[in-house]
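Below, chains carry the letters A, B, ... as their sequence lines are ordered, and counting in each starts from 1.
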Amino acid sequence: MSKTPTTSNLAAQFDPSAVEPALYQEWLDADLFVAHPDRSTRAGGDREPFVIVMPPPNVTAVLHMGHGLNNTVQDVVIRWRRMCGDEALWVPGTDHAGIATQNVVEKQIAAEGKTRFDMGRKAFVARTTDFVTETGGTILDQLKAIGSSCDWTRTAYTLSPELSHAVREAFVQLHERGLIYRGHRVIHWCSRCLTSLSDEEAEHSDETGALYHVSYPLTDGQGSITIATTRPETMLADVAVAVHPDDERYKHLIGKTLTLPLANVEIPIIGDAEGVDPAFGTGAVKITPAHDANDFEMGTRHKLPMPVILSPEGSMANGADAGSRVPPELLGIDRFEARERVVQMLKHLNALEKVESHSHAVRHCYRCDTVVEPRLSDQWFVKMKPLAEPALQAVRDRKIRILPERWEAVYINWLEGIRDWNISRQLWWGHRIPVWYCDACGEVTVSRDGIVACPKCGGSVRQDEDVLDTWFSSWLWPFSTLGWPDQHSADLKAFYPTDDLVTAPEILFFWVARMIMGGFAFMGDSPFHTVYLHGTVRDMKHVKMSKSLGNGIDPMDVRAMFGTDALRYTVIAGLGMGADVMLDPTDLEKSFAPGRNFVTKLWNIGRFLLTNVGDESVRPLASIDPSELRRADKWILHRLNQAIGECNAALGPARPRDGVWTEAELRTGLRLSEYTETARRFVWNELADWYLESTKPRLTTSGADRDVARTVLAHCFDSALRLLQPIVPFITETLWRQLPIADDARGDFIARATWPQRDDAIAIDREFELVREAVNAVRQLRADYAVPPGERISAHLVANLASAGADHDREVFTDEREFISRIARCDLDLNGDDSESRGATILLSSGSRLIVPLGGIVDIDKECRKAKMELEKLETQLTALEGRLSNPGFTDRAPQNVVAAERQKQVEWTSRREQLTQKLVSLCGS
RNA sequence: GGGCGAGUAGCUCAGUUGGUUAGAGCGCCUGCCUUACACGCAGGAUGUCGGGGGUUCGAGUCCCUCCUCGCUCACCA
């Protein structure tokens, strides 16, 4: 890399599209993002590892703002740690996304007039594989386009041979430990996706439906029992009616039978204290074991039959054990249509007593929103209770923290009530379940490598048709991507456990909690110490952005319009801890103005600064003798120090010290918007607005002082760029290269330069604050008196001379610029006292006053009004203050420093009151 | 229905263990094209801190209650 600085490269406008692709390629060529296991302290190296595994986007996904936000957050964190000297690794990858991907391909072939069943399993999987191979790289390319500093040599895919190996290993291990079992029970069934779902995949949503009251006649003709149901069509699968054994209305009927209408089946009345709430509805419950999870429990308790009356597609059918319960006219009818017809039929039988409006939660498929049906079937389950225990303990013991804090309670609540995980899916796209059944002897074999003959009888075997839940591969992600189950994997040793997990709260249960359980189950350790749950990208009406709603923003559009840095800056600056990011999809100009404006400002600061600093190398800051530093120099260096400290405080600490978060550090760090604001404030409001302005005269006058100013400028800007690099990597890299700093240790890329260090030797210098006050006061006078910009404040600025021991000769300035320049150069003592002349008085916090006689433009009335208003306000505040100070409750009980501060304030306010009173007398004689 | 969280300037949010006259960004108003930047500069306005009660010398901050939103869990048929 050439280090000959030249300002000629700096165009008037920063053109991101011209810079970004080339810069990113340079980073890749230099292996900037590639991590080395041997450098990790865990492998004998000298760098702390810092690892983030990317939540893998679906392999078919196209980048949206949610990805943009998620990956920018991760990139900011990983770039920060990389500069801090960690061996930083960000593992990228994609998820095969079982149902989602299968749905996409099924839609494609549906357009060709076919179904997957027409194609057959083998052809369908091949087709999907092709599709994924073709399009799967899209989102990863887009992540590169927005600057993500992932280690692409480690790109993983949940359905790759390596990760498939990990999945089989995990399944077999859990089976060996007795934590995987095959269960015959009621699960959630999506009749559109034709698969079972886990509890988490069947989402609740409140709906207003109807509660139908149906009367079932006693078989002996001695009356009837009325039951209530929201799904009358399922009554065809009823096998009993349960009542509370102590219910006076019904207890005498227990043991008798009812005749189930329509099906004409005789069913018993049973007593069950657990499953029946006598206060709800009619106090009698129909029992449908095959189509209701609760009824299944009761059915099991009472050893009842479990007829199935719904086909996989969700239409009425006489399934297992159903005999001919479903009347012929209902066979093949869709469940919702059948509901209507059953209601009509019951009406005809006079069995429908009444219909009430009823609001209740209905579960929907999280992929296609179809109402899911509870349905009895055989599925594989993971026993979760034993796995949940260490995952709970880790959070309770503060080995893992969840930010923002409120999600910890949600996490704990879910784990405490965790239920077994249905992991089999009746899909074709995914990891085939590694279980083989013997046709001859029925032996069930679970195997890592697959078998061709029954190990028991040698008979022919066939593999389980089902595939595993997508999340069964995701929960292994933090270690499967690092080489597990190969215990000799260098990556696994060097980089597990990882550090931060950055994602959205939606997948806290699907993914995060299960990864933690998986980490303990397979690695014996937590996969990370911090879970950072960021908000959602929403539009101005707070609606979540989505392609289907048409309120989305394409990050690639934003990039084309304003550049990647503007995109990144905007989302990070707007991201409060756990807060949502609001953007207006109809007005990208407005939405991304913060980022665009900042990038432009930074570019202009750089352009001006580099032009004025010139091409000649600057001396290192350390070579400047402190006595050479001016007020402004000391001030900006101190501000820089403060900024570094505040950025560090907002971001860190990066990891818990001894593997456990202390109470003090548990909720600190990763406040990205605060970090961003601090860096922005420093470079814009302090470096550019004040320091840069104050050095203008110095930079145009050659000599030693010019070199001091150049050095301080270059140093501060260099530091500012480093602080900003994680957020806006492209523009900072571009500008940083131009800085004429002669320092071989600086390196070629800011992306791997060192993070700025605080220098506590830098003393606080308050004098420049007084300068700023004076300047502000002059500005205010201009505004108050509407002095035209072309016109200097006509009269004089009076201040006292500085030179120690000198007489307090008064110097009169006729030029405001000269005045400001002199105080900035420390030529003036601001601690003098002068109170005579008429005019505007500038009162500095040091207590000294600057008198600004304003010649003819003083508006006496205006001065009077202002003074009166201020005095009025001061009086009330002073009264309150004095009340406080004369209150023994306050003076005795409040902390001494608070009381002292109040007394100090009283002195200042009193003197200010005195001053105002005098002013009023002299100005308007009252 | 259970649990949790939030209501502070027009908008999005900070406000650290109660302690000076409650802040920032954006937006708004006024004046400026001052040769780095109008995607800019300078100045300015704006809050009964959701309502009500309580504890305290002192409450945006702690307690109670009510109202309104949001998140999350849930087999009331």
Side-chain angles (χ1 to χ4, degrees), chain A residues 10 12-13 186 199 204 211 227-231 234 242 275-277 279-288 292-298 358 360-361 374 404-414 417 505 508-509 540 542 562 566 573-574 576-582 589-590 592-612 667-668 671 673-674 677 680-681 688-689 692-693 776 779-780 782-784 786-790 873-874 876-877 880-881 883-884 886-895 897-899 901-902 904-906 908-909:
Chain A
L10 295 182
Q13 291 278 318
V186 169
D199 293 342
H204 291 278
L211 188 60
I227 56 89
T229 178
T230 54
R231 298 183 298 150
T234 63
V276 183
D277 175 6
F280 183 85
T282 62
V285 190
K286 71 200 243 333
I287 305 300
T288 322
D292 184 287
N294 194 34
D295 292 358
F296 174 79
E297 300 294 324
M298 262 197 276
H358 180 67
H360 61 138
E405 186 179 5
R406 63 173 178 275
W407 289 104
E408 264 185 28
V410 177
Y411 170 91
I412 287 171
N413 189 274
W414 183 75
L508 180 60
F509 306 140
M540 301 319 275
H542 295 199
F562 314 115
M577 174 63 72
D580 293 333
V581 178
M582 313 298 173
E589 289 277 341
K590 187 179 151 207
F592 293 93
R596 183 197 53 177
N597 295 355
F598 177 74
V599 168
T600 306
K601 182 69 183 185
L602 190 62
W603 183 253
N604 281 305
I605 294 169
R607 216 151 58 91
F608 175 83
L609 186 143
L610 290 164
T611 309
N612 284 279
R667 306 295 164 202
T668 64
R671 295 191 305 272
S673 57
E674 285 180 37
E677 174 55 20
R680 187 206 68 85
R681 193 201 63 221
D689 288 350
L692 210 59
E693 292 296 332
N776 281 336
R779 283 175 180 167
Q780 207 162 329
R782 290 187 152 283
D784 284 354
V787 182
K873 196 177 170 193
L874 196 64
T876 47
Q877 285 158 358
L881 182 63
R884 226 174 4 249
S886 62
N887 182 341
F890 173 69
T891 48
D892 296 350
R893 293 199 220 170
N897 58 331
V898 173
V899 177
E902 295 282 85
Q904 175 63 31
K905 205 74 203 172
Q906 185 188 27
E908 282 166 24
W909 289 0

Candidates [options] - which lies nearest the side chain of [X]:
| X | options | result |
| --- | --- | --- |
| A:Arg406 | B:C4, B:A77, B:C39 | B:C4 |
| A:Val285 | B:A36, B:C73, B:A77 | B:A77 |
| A:Arg680 | B:C39, B:U12, B:G25 | B:G25 |
| A:Asp277 | B:A36, B:C76, B:U20 | B:C76 |
| A:Ala361 | B:C37, B:G19, B:A74 | B:A74 |
| A:Arg884 | B:C39, B:G19, B:C75 | B:G19 |
| A:Glu677 | B:C37, B:U72, B:G25 | B:G25 |
| A:Asn887 | B:C39, B:C57, B:C41 | B:C57 |

Using side-chain heavy atoms (C-beta onward) and a distance below 4.5 Å, is [X] in contact with [Y]?
| X | Y | result |
| --- | --- | --- |
| A:Val410 | A:Leu508 | yes |
| A:Glu902 | A:Thr891 | no |
| A:Thr288 | A:Arg231 | no |
| A:Pro594 | A:Arg680 | no |
| A:Arg884 | A:Asn887 | no |

Indicate, yes or no, whether a donor-acceptor pair under 3.5 Å links the base of [N] to the side chain of [X].
| X | N | value |
| --- | --- | --- |
| A:Lys601 | B:C39 | no |
| A:Glu693 | B:A36 | yes |
| A:Asn604 | B:C37 | no |

Within the 4.0 Å heavy-atom criterion, would you say A:Gly606 contacts the bases, only the backbone, or no part of the nucleic acid? nothing
Which is true for A:His204 with a 4.0 Å heavy-atom rule: it touches a base, it touches only sugar-phosphate, or it touches nothing? base
Interatomic distance at [atom1], [N] relative to [M], whole Å:
| N | M | atom1 | value |
| --- | --- | --- | --- |
| B:C28 | B:C11 | C1' | 11 Å |
| B:C29 | B:A9 | C1' | 15 Å |
| B:A77 | B:G3 | C1' | 24 Å |
| B:C63 | B:G25 | P | 32 Å |
| B:G7 | B:C49 | P | 14 Å |
| B:G2 | B:C26 | C1' | 39 Å |
| B:U12 | B:A6 | C1' | 14 Å |
| B:U56 | B:G44 | C1' | 38 Å |

Run the side chain to side chain donor-acceptor pair (under 3.5 Å) test against A:His204 and tell me which residues pass, sequence neighbours left out. A:Arg363
Please report, rounded to the nearest Å, how far the [atom2] atom of [N] is from the [atom1] atom of [X].
| X | N | atom1 | atom2 | result |
| --- | --- | --- | --- | --- |
| A:Leu508 | B:G3 | CG | P | 20 Å |
| A:Phe598 | B:G25 | CZ | P | 14 Å |
| A:Trp407 | B:G3 | CH2 | P | 17 Å |
| A:Asp199 | B:A74 | CG | P | 7 Å |
| A:His358 | B:A77 | NE2 | C1' | 8 Å |
| A:His360 | B:C75 | NE2 | C1' | 13 Å |
| A:Trp414 | B:A74 | CH2 | P | 9 Å |
| A:Asn413 | B:C4 | CG | P | 9 Å |

Starting at the 5' end of RNA chain B and moving along, which residue's nearest nucleotide shows up first, A:Thr600 or A:Ala228? A:Thr600
5'-most contact on RNA chain B (nearest-nucleotide basis), A:Gly574 vs A:Ala293, goes to A:Gly574
Taking the basic N atoms (NZ, or NE/NH1/NH2) and the acidic carboxylate oxygens, is any pair closer than 4.0 Å for A:Arg671 and A:Glu677? no
Hey, is the side chain of [X] poking within less than 4.0 Å of OP1 or OP2 on [N], counting only N and O atoms?
| X | N | result |
| --- | --- | --- |
| A:His542 | B:C69 | no |
| A:Arg667 | B:U17 | no |
| A:Asn612 | B:A36 | no |

Among side-chain atoms of A:Asn604 and A:Arg607, is any donor-acceptor pair under 3.5 angstrom? yes
Where is the tightest heavy-atom contact between A:Trp407 and A:Pro505, given as atom of each residue plus distance? CZ2-CB, 3.4 Å
Under a 3.5 Å cutoff on both atom distances, Watson-Crick or G-U, what's the dot-bracket for RNA chain B ([ ] crossing, | other strand)? (((((((..((((.....[...)))).(((((.......))))).....(((((..]....))))))))))))....
Say you draw a straight line from CG of A:Leu211 to CD1 of A:Ile227; how long is it, rounded to the nearest 0.5 Å? 9.0 Å
